[in-house]
Amino acid sequence: MCGTSGAVIQILTELVRMTERYMDPKSMAEKDIQSLKALRHSAAHTLAQAVKKLYPSAQVGIGPATEEGFYYDFRYERPFTPEDLERIENEMKSLIRSSLPIVRKPVSRGEAEKLFREKNEPFKLELIQGIPEEAEITVYEQGEFVDLCRGPHVSSTGEIPAVRLLSTSSAYWKGMESNPSLQRIYGTAFHSEAELADYLRHQEEVQRRDHRKLGRELGLFRTLDEKGAGLVLWLPKGSQIRRTLEDLWKVLHDRHGYRYVYTPHIARLDLWMQSGHWDYYQDSMFRPMETEGTAYELKPMNCPFHILIFRESVQSYRDLPIRLSELGTVYRYERSGTLHGLMRVRGFTQDDAHIFCKPEDLSGEIRNVLALVDQMVGRFGFTDRTVYLSTRPEKSVGTDENWEMATGALRMALEESGISYEVDPGEGVFYGPKIDIKFHDAIGRAWQLSTIQVDFNLPEKFDLTYRNDSGESRRPIMIHRALFGSVERFFGILIEHYAGAFPLWLAPEQVRIMTIADRHIPYAQKVLSRMKDLGVRAEGDFRNEKIGFKVREAQMEKIPEMWVVGDREVEENRVSVRTREGEKKDLCPLESSLQDISVRCWPPEMVPRSNGS
RNA sequence: GCCGGCGUAGCACAGUGGUAGUGCAGUCGAUUCGUAAUCGACAGGUCGUCGGUUCAAUCCCGACCGCCGGCUCCA
């Protein structure tokens, strides 16, 4: 009854298909990627050619192909407007129509420098200086436009079948804040107009699902903005979803042997000096506050507290492993320009846990986490994932022996779990190797959610020990892990993944009971109170309005089921059910419908035991 | 933080150097109407904040706060 309708599935399948076509490089043949890249790179050159033609005093920066299109950076006396963009795009199309040959020319360093000095292109000259002595320098020429470039390109501007300029923004020269700020023009290009149209449709779909928009429309959350940028207010409906999610999280963690803890939001600054966070990350921490002459600090992480709990509760190897879990809210200073809805905030809740174990338990513990990740994240329909193993970075702490042992344990855990993975060499955290997991959402976008990190550093800093079976003092290994990463961000991802239409078990309001006329209210009240007794999140709409009006409102609120009662239902002790997807089931017997919903309204892992009835 | 854009009623948006409108939502009234909008009336805004220019600022200028698109960053 709550299944997704065929039409919706078809739309989703279509979306995933078109997303894969241009967003997932792995699904494309290497050859196709290269040819699309060359096409887009040539489109970038054509963009620069058009800009130079229309605005001769503009100076060019760099203009590469990207995952989704291309861009080119310019320095110009004023910002480009949307009208400029339109002009430029038209000029590009006219350049494409003239089918200018794109010609590769090797040049000497001297020639290159002379060329770009004459053209007054200081950024290009800077790039030439960065090219190693022995390397060959090439330029690509199309019409009157010449660009320093190593290629490859398509052979003529006529070979750019579909191009579109998308937006402008700013970017630093070479991405360095100390460098001048340039204007970046973004665009995209494809082998056909049809593919371009697919891309644009996908972009619209992304906008339609924007969690900030849906979050406001559905009354899920808001951010404090003027009262505190990057801080989240969970409105009642959003809070209900969070509660369901957290309840499920706790149940699954209990089953996997975790012990739930609570820790404070602030502590004396010394704690973060001891942990080393103050040294490493103080730029990302809120300023300390002083009380009675002592500096206190808002927590940017939960781990030091969990370490203190470990010290309280563990002495012997018999106590290990110990798994401490907490939905702990942390505060980190993020630069104002980086804040973004729920995705990037200054106060967020980590679905955190720290596992302290003996070295020989490491691999098994990781396996347990991997299984929990799939169970937990999979519950939301995220099944397609990519797993990365990150190894020792250049700047790191710990012995070679430890790094080898830990990296080997991660590898073994992955292999024993039958999980294929990619290695990210040197991408580990300074304190240990890690496994990162990205999941793909309903429209094919990849989100980094889970992370599992081994830590040699903190146990050392806090001098954590236990006694082994020979009575010797040993240092435990610590694992940091989060499945969602941040509850706030995960919620944002869920909103976009489901496009606001949460599955029945997660929906803040699961069923709305609506009456045809006032005389049906007593019966509807009875149905409503039965539902509430069964733990269903049901509400009644008994207003004196037409049924079409009530249905429309419920539909826009994305309530999974509408139970309609009128004369026929009252007479026969039945209900008529209409789903959000538009399916209708008239005159269902009340009792069996209630029994049915009382099971479906829970996450499968949490369906209460029936008491024999 | 930086570059650019933006900030008008709960939401979506108009608008003007002489203190503001539309739609939806809201409130009230009528309607009792079977699966995406019944009709009518009313009410609602120190036009983000502070300062400046001006006889007069929501409109022009500046600073600040916030939002949006990027850049940068992301333990």
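Values below: every heavy atom of this structure, side chains too, minus hydrogens, waters and symmetry copies.
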Just call it for A:I547: base, sugar-phosphate, or nothing, with non-hydrogen atoms closer than 4.0 Å on any strand.
-> sugar-phosphate
Could you check which of B:U32, B:U38, B:U72 has an atom nearest any side-chain atom of A:A517?
-> B:U32
Between B:U72 (C1') and A:Y333 (OH): distance, integer Å = 12 Å
From CG of A:L339 across to P of B:G1 the rounded distance in Å is 9 Å
Pairwise 5' ranking along RNA chain B for A:Y431 and A:G230, keeping only the more 5' one = A:G230
May I ask you to say what A:D586 touches in the nucleic acid, namely base, sugar-phosphate or nothing, with a heavy-atom cut-off under 4.0 Å?
-> base
Please determine if A:E205 and A:R209 form a salt bridge, counting it only when a charged side-chain N lies under 4.0 Å from a carboxylate O.
-> yes
From A:F490, A:F491, A:F439, A:F348, residue fulfilling ring-ring contact (aromatic ring centres under 6.0 Å, His included) relative to A:F484 = A:F490
State plainly whether the residues A:E204 and A:R208 are in salt-bridge range, i.e. N to O under 4.0 Å.
-> no
When you check the side-chain N and O atoms of A:D283 and A:Y333, is any donor under 3.5 Å from an acceptor?
-> no
Nearest-Å distance for atom pair CZ/P, residues A:R184 and B:C2 | 19 Å
State the pairing partner of B:G62; accept Watson-Crick or G-U wobble contacts with both distances under 3.5 Å, and report none otherwise.
-> B:C50
Describe the nucleic acid contact of A:G337 in one word from base, sugar-phosphate, nothing, applying a heavy-atom distance below 4.0 Å.
-> base
Closest to the A:Q453 side chain, choosing from B:U35, B:A75, B:C71 | B:A75
Which listed nucleotide (B:C71, B:A36, B:G34) is nearest to the side chain of A:A171?
-> B:C71
Sidechain N-carboxylate O distance under 4.0 Å for A:D586, A:R568 = no
Which of B:C71, B:U32, B:C68 is nearest the side chain of A:R212? It is B:C68
So, A:E427 and A:R392, do they make that salt bridge, N to O below 4.0 Å?
-> no
Given atom CD1 of A:I62 and atom P of B:C71, what is their separation to the nearest angstrom?
-> 12 Å
Distance test, side-chain N/O of A:R216 to OP1/OP2 of B:A12, below 4.0 Å | yes
With sequence neighbours excluded, what pairs up with A:E539 under the side chain to side chain contact (heavy atoms under 4.5 Å, CB included) test?
-> A:E509, A:K532
NA contact type, A:F80, heavy-atom cut-off 4.0 Å: base, sugar-phosphate, or nothing?
-> nothing
Atom pair distance, as rounded to whole Å: CG in A:L235 and P in B:G10 | 16 Å
Between B:U38, B:U32, B:U35, spot the one nearest the side chain of A:D518, thanks.
-> B:U32
Any N or O donor-acceptor pair linking the side chain of A:Y71 to the base of B:G70 at under 3.5 Å?
-> no
Are A:R475 and A:D463 ion-paired here, with the side-chain N under 4.0 Å from a carboxylate O?
-> yes
Between A:F286 (CZ) and B:A75 (P), how many Å, whole number?
-> 18 Å
Check for a donor-acceptor pair, side chain of A:E496 on one end and backbone N or O of A:V206 on the other, with a separation under 3.5 Å.
-> no
Here the distance between atom P of B:U49 and atom CD of A:E226, to the nearest Å, is 10 Å
May I ask you to evaluate whether A:S336 reaches the phosphate of B:G1, defined as a side-chain N or O under 4.0 Å from OP1 or OP2?
-> yes
Check every strand shown and say whether A:S284 touches a base, only sugar-phosphate, or nothing at a heavy-atom separation below 4.0 Å.
-> base
Would you indicate which nucleotide in B:C73, B:G34, B:A75 comes nearest to any side-chain atom of A:M301?
-> B:A75
How do A:T168 and A:D567 order along RNA chain B: which one's closest nucleotide is nearer the 5' end?
-> A:D567
When rounded to the nearest Å, what value does the distance between P atoms of B:U19 and B:C59 take?
-> 14 Å
For B:C28, the Watson-Crick or wobble counterpart (both distances under 3.5 Å) = B:G40
Distance between the P atoms of B:C65 and B:U49, in whole angstroms?
-> 15 Å
Identity of whatever pairs with B:G17 - Watson-Crick or G-U, under 3.5 angstrom = none
Choosing from B:A75, B:G66, B:G1, which nucleotide comes nearest the side chain of A:Y281?
-> B:A75
Could one point to a donor on the side chain of A:E569 or the base of B:G34 with an acceptor on the other under 3.5 Å away?
-> yes
Has the side chain of A:R335 got a donor or acceptor atom sitting under 3.5 Å from an opposite partner on the base of B:U72?
-> yes
Nucleotide paired to B:U22 in any strand shown, Watson-Crick or G-U, under 3.5 Å = B:A12
Proximity to the side chain of A:H340 - top-ranked nucleotide from B:A75, B:U35, B:G69 = B:G69
Describe the nucleic acid contact of A:R519 in one word from base, sugar-phosphate, nothing, applying a heavy-atom distance below 4.0 Å.
-> sugar-phosphate
Whole-angstrom distance between B:U8 and B:C67, as gauged at atom P = 14 Å
Phosphate contact (B:A36 OP1 or OP2) by A:R578 side-chain N/O below 4.0 Å = yes
Under a 3.5 Å limit on both distances, the Watson-Crick or wobble mate of B:G45 is none
Protein-nucleotide distance (A:R344, atom CZ; B:C68, atom P), rounded to Å = 13 Å
What nucleotide among B:A37, B:U35, B:G1 has an atom nearest to a side-chain atom of A:Y172?
-> B:G1
Identify the nucleotide, in any strand shown, that forms a Watson-Crick or G-U wobble pair with B:G4, with both distances under 3.5 Å; if there is none, say none.
-> B:C68
Phosphate OP1/OP2 of B:A75 contacted by A:Y331 side-chain N/O (<4.0 Å) | no
Please work out if A:S576 contacts a base, only the sugar-phosphate, or nothing of the nucleic acid, heavy-atom cut-off 4.0 Å.
-> base
Among the candidates B:G34, B:C67, B:A36, find the nucleotide nearest to the side-chain atoms of A:D225.
-> B:C67
